[in-house]
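Chain naming here is simple, since letters A, B, ... match the order of the sequence lines and numbering starts at 1 in each.
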Amino acid sequence: MERKLTCIICPLGCELTVQVEDKKVLDIKGNTCPRGKVYAESECINPQRTITSTVRCNDGGLVAVKTDKPIPKDKMTECMAVINKAVATLPVSIGDVIVEDVFGSNIVATQNRK
Amino acid sequence: MRDLVIIGGGPAGMSAAIAAYENGVKDILILERDESLGGILQQCIHNGFGLHKFGEELTGPEYAWKYEAKVRELGIECKLNTMVLDVSEDKVVTATNSEDGIFQIQAKAVILAMGCRERSKGALNIAGSRPAGIYSAGTAQKFVNMKGYLPGKNVVILGSGDIGLIMARRMTLEGAKVHAVCELMPYSGGLARNIEQCLNDFNIPLKLSHTIVKIHGKQRVEGVTIAKVDENRRPIKETEEYIACDTILFSVGLIPENELSKSANVELSGITSGAVVDQDRQTSVEGIFSCGNVLHVHDLVDYVSEEAEIAGKAAVEYINGNKDESVSIPVKTDGKIRYTVPQIITKKKDVSVYFRVSNIYKNVTVKVTDGENVLLSKKRVKVAPGEMESVTLKKEMLENAKELYFSLEEK
Ligand SMILES: Cc1cc2nc3c(=O)[nH]c(=O)nc-3n(C[C@H](O)[C@H](O)[C@H](O)COP(=O)(O)OP(=O)(O)OC[C@H]3O[C@@H](n4cnc5c(N)ncnc54)[C@H](O)[C@@H]3O)c2cc1C
Ligand code: SF4
């Protein structure tokens, strides 16, 4: 089966044409760099996304967060539910882990808050 | 008297400050009207920044922090919560804050880095009253990401610029339903990756050649009528469709914020709405430089930082009184290439010229001539208005140039 994908790894957004059979990638065309190939393989076999959002702090404010690794795409909604329940205790620095091990990734702060 | 005053503490202002400091000018003052540095990046919490510059994917606040940390480490002075009111042609900067009241600073050089603002919805002609529930995408971004407040549950977005696409995903993740993104043009102004990961991932339809023809509701938005448009961008009556919604987001483009440039008598370009600059990002007023989104709208912050470094270095040369032999080579375009930055070359040295095209073109050659001879020709598989392009011209190429002419040749 032929699948058309848009590579989301960098702003170039190459159009990829992938041959897949039974969850096996046979051929990839259209990638400008090797990262596109890695993306196409992952997208066909186990699609993943990085989630960015905000978490409430104990003073009522917000701090921006992300998953430090991409998580399975079909877990995005569940991941958001975890993020929306979490409360961060101030102070928070960039890189601090707010919630551990959410679908194999940590939720980490991407902002400094005093 | 100050050596260098920088107006705006966004990525452009911070990079310019760091570049100037590292090139020898230490007496620098950054004036920022917000309570923190970072500019608009503070509300852009999604990732996709810095791939070009740092080789890693950062979120907006993380990208901003790399620069803020450096500004602090170098001890560059910043006045926050300080609004600049006026800049004069002879580089007197008038500003105000609650501590110092209104004050004036004479600068040797000024860098304008005030960023851009969103085109307002008022500029759009849509029938119906103006009920509550209509926001620009950037305002919605601020509400959701900085205040934690979701502006609505059922959303239609007009315009497919990147901020609109990013907000479609953001609001969906926070539990809203985005019913459609309508784009007047037959193509999206946003990046392909954002259409994929912000719309396609969530099955949000992108309706190209569509617009909102009527907004329904008196107190609060109750719905919109959308329609397909013909080649002349006129709505086709038979294609009208009603969508119930409580919120409309506009993502119809950004425009440089140049009130201060005007007060300093800086010549502005009718095309970019930013200053006309030379290769050093110096404006028509000597010693006043411009960079970042106030100069022209960038889609990638990485290029903002790069441009600001050029301005920062050049300001140092100006302050130190280095005067190379100066020339005046205008850079012209054929219309398919909509504009270039710089618009004029005043020194013969290697120079990168950034440009945007006016439509989507496939399999084209970008040609640069000096009026007679072809200096450079580069093939591009695809160029689009949403994506900034660049070419580098070598010093030798400028040797006999009286003008530079940029054109796009289709096969
Ligand atoms: C709503 C919005 C969302 C965006 N989202 C993205 C995105 O997702 N990805 C992306 O790559 N780009 C995005 N951009 C573009 C982004 O703005 C640029 O990439 C980059 O931030 C531009 O940097 P800058 O320093 O030129 O401007 P800005 O970041 O806008 O910084 C300008 C600074 O100048 C200050 N200022 C302005 N006037 C005055 C004054 N009179 N006195 C004192 N200070 C002043 C402002 O407060 C601000 O801090 C977005 C732009 C907007 C408007
Ligand atoms: S294939 Fe490489 S160059 Fe193309 S979009 Fe993906 S990462 Fe970017």
Side chain, backbone, both or neither: which part of B/Leu191 has an atom under 4.5 Å from a heavy atom of chain A? side chain
Using 0.5 Å steps for rounding, measure from the CE atom of A/Met76 to the OG1 atom of B/Thr172. 9.5 Å
Inter-residue atom distance A/Arg49.CZ - B/Gln197.CD, 0.5 Å rounding: 6.5 Å
Please determine whether the number of non-hydrogen atoms from other residues, nucleotides or ligands lying under 6.0 Å from atom CD of A/Glu100 exceeds 12. no
Residue-level interface, residues 55-69 of chain A with chain B, non-hydrogen cut-off under 4.5 Å: A/Arg56, A/Leu62, A/Ala64, A/Lys66
Interatomic spacing from CG in B/Leu173 to CD1 in A/Ile51 - rounded to 0.5 Å: 5.0 Å
Decide whether B/Arg170 and A/Ser53 meet the rule of one side-chain donor and one side-chain acceptor closer than 3.5 Å. yes
To the nearest 0.5 Å, how far apart are NZ in B/Lys382 and CG in A/Leu12? 10.0 Å
Show the nearest heavy-atom pair for residues A/Thr54 and B/Ile45, with the distance to one decimal. CG2-CD1, 3.9 Å
Can you say whether B/Val381 sits under 4.5 Å from chain A via the side chain, the backbone, both, or neither, judging by heavy atoms? neither
Counting only heavy atoms not in B/Glu57 (residues, nucleotides, ligands), do more than 12 fall under 6.0 Å from its CD? yes
Taking C-beta and beyond as the side chain, do B/Glu62 and A/Gln111 meet within less than 4.5 Å on heavy atoms? no
Side chain, backbone, both or neither of B/Leu300 within contact of chain A (heavy atoms, under 4.5 Å): side chain
Say you draw a straight line from CD1 of A/Ile8 to CZ of B/Arg193; how long is it, rounded to the nearest 0.5 Å? 7.0 Å
By a 4.5 Å heavy-atom criterion (distance strictly below it), what part of B/Tyr63 contacts chain A: side chain, backbone, both, or neither? neither
Which region of A/Thr77, side chain (C-beta onward) or backbone (N, CA, C, O), has a non-hydrogen atom less than 4.5 Å from a non-hydrogen atom of chain B, or is it both or neither? neither
Which one wins on heavy-atom pair count under 4.5 Å against chain A: B/Asn145, B/Asp201, B/Asn200? B/Asp201
Return the CD to CD1 distance between B/Glu174 and A/Ile83, rounded to the nearest 0.5 Å. 8.5 Å
Sort out for me which of A/Leu5, A/Thr50, A/Thr110 touches chain B most, counting heavy-atom pairs under 4.5 Å. A/Thr110
Is A/Lys29 atom NZ crowded by more than 12 heavy atoms from other residues, nucleotides or ligands, each under 6.0 Å away? no
Identify the heavy atoms of B/Ala192 and A/Gly13 that sit nearest to each other, and give their distance. CB-O, 4.1 Å
Below 4.5 Å from any heavy atom of chain B, which atoms of A/Cys7 appear? Answer side chain, backbone, both or neither. backbone
